[in-house]
Amino acid sequence: MKDHIKELNERFTKEMSQVCDQRSLEELRLAFLSKKGQVSQLMSELAKIPNEQKKEAGALINSFKQDIIKRFDDKLEEIKKAEEERLISSAESYDESLPEKRRKGSYHPITLVQRELEQIFASMGFDVEDYSEIVDDYHCFEALNIPKFHPARDMQDTYYLSTPNQLLKSHTSAAQNAIMYKYGKLLKENGRPIRAVFPGRCFRNEAIDACHENTFFQMEGIMIDKNISISNLIYFMKTMLSEVFERDVTVRLRPGFFPFVEPGFELDIQCLICNGDGCPSCKNTGWLELCPCGMIHPNVLRMGGINTEDDPYAYTGFAFGLGLTRLAMMKYGVKDIRTFNEGDLNALSQFVSK
Ligand code: PHE
């Protein structure tokens, strides 16, 4: 037995010296330590030897077994260490310039502004609605009092899809009609006013520069009930803007043309940088154009199923189309609109919600 173990030990030492990776180490381990391996065979030989020699032989086998287990473990450590060192010294797989920790994700600045606005409007009783980015001609234009071939279509250079009648939404107003149908019944039967905001991505064929993008975000809002007037519009806009900018803002309305509102306005806020005195940010006018809005046109209310032709003023309402991208630029002082779509994480990850 002694000689047999000695011979096995020599064999083991020789084979172990040829092991160079984890795979060959495992092969050797199986050859010696598996159920049918050398050590198990030694054990079965034990049965054949005389009883008085068994104790000594058993102890020998056991210490041989413990010895090779230890040598396996040591070799494994050695191989792993060598592998690690090889990785560290090979330039392709080890980039010293990598940051120590992985970058934490953060919300896009437009998402932050959108969420903040959603919360403000929700606190004033508005529903927050979602709407698709692909719409049809009827919802994007006709239901908004912009008939086919009407010159007002030139205001928005639109992306039409190859599928007939389908286009990329050029403004969030495209959802107005659907929302009137969604909530109209509750308004007329239960007297629940329609109050909804619907943020969304919009697309227009713009020549891109620091102030224009072909992809941008708006947040539209409508409120419809009996006796809604321009005063309600001004109140909601002023409250919302004061909350967004965290200070009292002064607003003014100028006439503006949009076929789906009558009267239509451009809402300006007094420049927050110079308080109306005039500075480069407001092109020395003291005012910043922020939000087109107006009273919803009777034709739009009729096509939305709210009023009938016999009683075109039974319900009235206002609508506004806030430029979310523009608002995010102002709130965070971003000078170039392209920053939002370029996907540069260094620029985009600086913004945090309050
Ligand atoms: N949809 C208009 C635009 O994108 C903005 C608008 C919305 C104007 C609601 C008035 C009322 O240009």
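As the structure is a prediction and not an experimental result, all values here were calculated from the model. When a residue number appears, it is its place in the shown sequence, counting from 1. Indexing begins at 1, ligand by ligand and atom by atom, following the structure's order.
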Just checking F260 against H171, ring centres under 6.0 Å apart? yes
Taking the side chain as everything from C-beta on, heavy atoms only, tell me whether I79 gets closer than 4.5 Å to V19. yes
Taking the ring centre of each residue, are F12 and F72 less than 6.0 Å apart? yes
Tell me whether ligand 1 is touched by M155 - counting only heavy atoms on the residue side and a distance under 4.0 Å. no
If you measure from each non-hydrogen atom of C293 to ligand 1, which part falls under 4.0 Å: side chain, backbone, both or neither? backbone
Could you tell me whether E83 and K80 have a side-chain N and a carboxylate O separated by less than 4.0 Å? no
Protein residue, atom and distance nearest to atom 5 (C) of ligand 1, heavy-atom basis: P292 CG, 3.6 Å
What do you reckon, does F260 put a non-hydrogen atom under 4.0 Å from ligand 1? yes
Return yes when A319 approaches ligand 1 closer than 4.0 angstrom through a heavy atom, no otherwise. yes
Run the ring-centre check on F351 versus Y332 and record whether the distance is less than 6.0 Å. yes
Counting from 1 in the order shown, the ligand 1 atoms closer than 4.0 Å to a non-hydrogen atom of G321 are 7 (C), 9 (C)
Ligand 1 contact by R204, heavy-atom criterion under 4.0 angstrom: yes
Ligand 1 atoms in contact with F320 (distance to a heavy atom under 4.0 Å): 7 (C), 9 (C)
Under 4.0 Å from any heavy atom of S173, which atoms of ligand 1 are there? 1 (N), 7 (C)
Can you confirm if the aromatic rings of F126 and F236 lie within a centre distance of less than 6.0 Å? yes
Flag Q218 as yes when one of its N or O atoms lies below 3.5 Å from any N or O atom of ligand 1, and as no otherwise. yes
So, do W287 and Q270 sit near enough that their side-chain heavy atoms are less than 4.5 Å apart? yes
